[in-house]
Asks: 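Quick one: this structure, given as structure tokens, is what I'll be asking you about.
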Amino acid sequence: MTRFARWTALAAASALLAAGCSGGSSDDGKGGLSWGRCKATADGPAPSSDWQCATLKVPLDWSEPDGETIGLALIRAKARGGDRVGSLLFNFGGPGASGVSMMPSYAPTVSRLRERYDLVSWDPRGVGASEGVRCRGDKEIQAAESVDVTPDTPAEERAYFQDAADFGKGCQKDAGKLMAHVSTADSARDMDRIREVLSDKKMHYFGISYGTELGGTYAHLFPKKVGRMTLDAVVDPGADAVGHAKNQARGFQRALNGYLESTGQDPAEGSRKIADLLRRIDARPLPAGTPGRKLTQTLAATGIILPLYSKDSWPTLTSALDAAERGDGSELLALADGYNERDTSGRYGTTTHAQRVISCLDDRQRPTAATTKKLLPEFEKISPVFGTFLGWDTAGWCHDWPVPGQHDTPEVSAPGAAPVLVVGNTGDPATPYEGARRMADELGKGVGVMLTWRGEGHGAYGSGSDCVDSTVDAYLLDGTVPKDGKVCS
């Protein structure tokens with residue numbers, strides 16, 4: 001079962017350059033790293049010689065710092081200019097996104113920042129080249145696409161929860177002891193070790209989507225180590241598992257309404273039409289031009305979700321919906337495959353595997369089927385198109401999970417930290433704007449500094465606003481903190 005919606009940043013990007021780790025190792029005693037050329041992988045060639053890779057050893061269990069270790073894959077490109085500030089560490093979201101793969105492809109967006117920073121990212125524990133977790137094989141993943149994630153009968157409900165339990169067992173079999181040590185707090189402590197070995201006195205950081213929760217957690221644990229920190233596309237730190245699902249239902253419905261208005265449709269009528277299409281596909285999946293595969297209701301909804309991450313993709317959504325109305329599911333299936341990281345040979349990526357292992361270790365809340373059924377009317381009222389999917393997801397995502405969750409909501413208060421720039425986009429579908437305001441408030445007075453962009457899409461920086469980009473650049477490059485509450489329209 002694939003989660004219907006996730007926080008992953010840059011989700012609308014197509015192919016990402018994949019870079020292999022060089023196999024270097026840390027020297028914890030001296031705080032050094034053995035950097036070398038990044039290797040090619042099965043997914044793509046190595047990045048240019050501008051990029052270096054290394055492996056850092058960190059404790060498996062931070063409560064036993066001298067015990068068993070695991071390796072974290074790192075990548076960097078050195079600053080071009082002479083007036084270097086330090087290293088700027090990036091996390092691109094998920095949880096589960098590979099920083100080693102994403103950093104080279106994202107570098108052009110932050111090219112100005114490279115004048116004064118080494119651009120650095122990593123695969124967090126449980127992700128990619130850092131002891132990455134794979135919970136099931138490609139054939140099992142494809143077979144699970146037929147599971148109805150909005151069950152209508154007792155048999156469908158049993159299949160839904162059985163699939164969820166089987167997924168958790170597969171994760172535990174693959175991850176072993178690591179399963180209990182991939183929390184956001186674990187990764188925040190890894191970040192501080194990365195800061196140490198990079199010889200930076202302060203943590204300069206750019207977190208996107210889930211990376212904002214990770215940044216807030218770091219600020220809480222190490223407030224005196226916070227340097228220049230930017231959080232963009234902000235996850236609401238005050239929302240529990242059900243709250244996050246409601247937020248995403250609200251955010252994606254807002255984005256869908258904006259899309260429908262852009263095509264001259266009434267949002268209520270257009271949503272009703274799309275909901276009807278999804279119900280028809282639930283009863284009779286559409287042919288999709290691929291032998292052995294059809295467009296199911298879940299895949300169709302996933303295909304609708306993907307273009308809502310970026311306004312530039314809205315015309316693609318129009319074409320795919322028109323094709324589906326004609327009985328052709330191929331375009332929505334292609335979009336869903338992009339979201340699910342499925343290539344043309346039938347191989348799937350593992351971002352959602354890592355995401356689930358991390359988020360279910362973080363989240364203590366475990367809604368039951370009975371609880372979810374009571375919540376469904378509220379979810380459907382929030383979003384007639386996406387509400388049912390996200391409502392059921394609250395019960396299935398961590399159902400019968402092998403390890404207990406750690407908290408209801410993350411702690412991000414950071415008294416005494418340097419100002420943290422929090423960037424919220426009023427049209428963000430995956431991390432609605434209200435979460436940014438909550439993050440700024442919870443970081444604390446004098447710490448959270450709010451910047452608002454009245455735009456569309458997931459995230460603000462690099463999305464076409466000169467006002468946002470120049471404000472963030474001035475903060476990161478020169479330390480210029482904007483007035484709290486600044487608005488870019």
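Positions are given from 1, in the same order as the sequence printed here.
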Asks: Taking the basic N atoms (NZ, or NE/NH1/NH2) and the acidic carboxylate oxygens, is any pair closer than 4.0 Å for R272 and E269?
Replies: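 The answer is yes: the pair qualifies as a salt bridge.
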Asks: Let's go through Y160 and H399 carefully: what are the C-alpha distance in whole Å and the side-chain angles of both, what is the deciding distance for ring-ring contact (aromatic ring centres under 6.0 Å, His included) to 0.1 Å, and is it a yes or a no?
Replies: CA-CA 10 Å; Y160 175 62; H399 172 71; 8.3 Å; no
Asks: Would you tell me whether T217 and T184 have side-chain atoms, one donor and one acceptor, within less than 3.5 Å of each other?
Replies: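 Side-chain D/A pair, T217 to T184: absent.
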Asks: Do R356 and W397 form a cation-pi contact, if we require the NZ or CZ to be under 6.0 Å from the six-membered ring centre and within 45 degrees of the ring's axis?
Replies: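 So R356 does make the cation-pi contact.
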Asks: In this structure, is the centre-to-centre distance between the rings of Y205 and Y218 below 6.0 Å?
Replies: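 Ring centres of Y205 and Y218 not closer than 6.0 Å.
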Asks: Can you give me the closest heavy-atom contact between G96 and I358, atom names plus distance?
Replies: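 Residues G96 and I358, closest heavy atoms: N-CD1, 4.3 Å.
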Asks: Can you tell me if R454 has over 12 outside heavy atoms packed within less than 6.0 Å of its CZ?
Replies: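 Counting other residues, nucleotides and ligands, CZ of R454 stays at 12 neighbours or fewer.
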Asks: Please say whether the positively charged group of R228, taken as NZ for Lys or CZ for Arg, lies over the ring of Y475, i.e. under 6.0 angstrom from the six-membered ring centre and within 45 degrees of the axis.
Replies: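 Output no; distance or angle outside limits.
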Asks: Quick one about T431 and D428 (side-chain donor to acceptor, distance below 3.5 Å, no hydrogens or angles considered), yes or no?
Replies: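 T431 and D428 do have a side-chain donor-acceptor pair below 3.5 Å.
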Asks: Is it true that S183 and D186 share a donor-acceptor pair across their side chains at a distance under 3.5 Å?
Replies: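 Side chains of D186 and S183: pair found under 3.5 Å.
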Asks: Should the pair K273-D276 be classified as a salt bridge under the 4.0 Å nitrogen-to-oxygen rule?
Replies: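 Between D276 and K273 there is no salt bridge, as every charged N stays at least 4.0 Å from the carboxylate O atoms.
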Asks: Apply the test salt bridge (charged side-chain N to carboxylate O under 4.0 Å, His left out) to residues R125 and D190: give CA-CA distance (whole Å), side-chain angles for both, the deciding distance (0.1 Å), then the verdict.
Replies: CA-CA 9 Å; R125 52 177 62 209; D190 292 342; 2.7 Å; yes
Asks: Closest heavy-atom contact between W392 and T150?
Replies: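 Minimum heavy-atom separation between W392 and T150: CD1-CA, 3.7 Å.
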Asks: Would you call K78-D118 a salt bridge at under 4.0 Å N-O?
Replies: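 Salt bridge: no.
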Asks: Would E261 and R254 count as a salt bridge (charged side-chain N to carboxylate O under 4.0 Å, His left out) here? Give the steps.
Replies: CA-CA 11 Å; E261 289 175 348; R254 282 180 189 165; over 6 Å; no
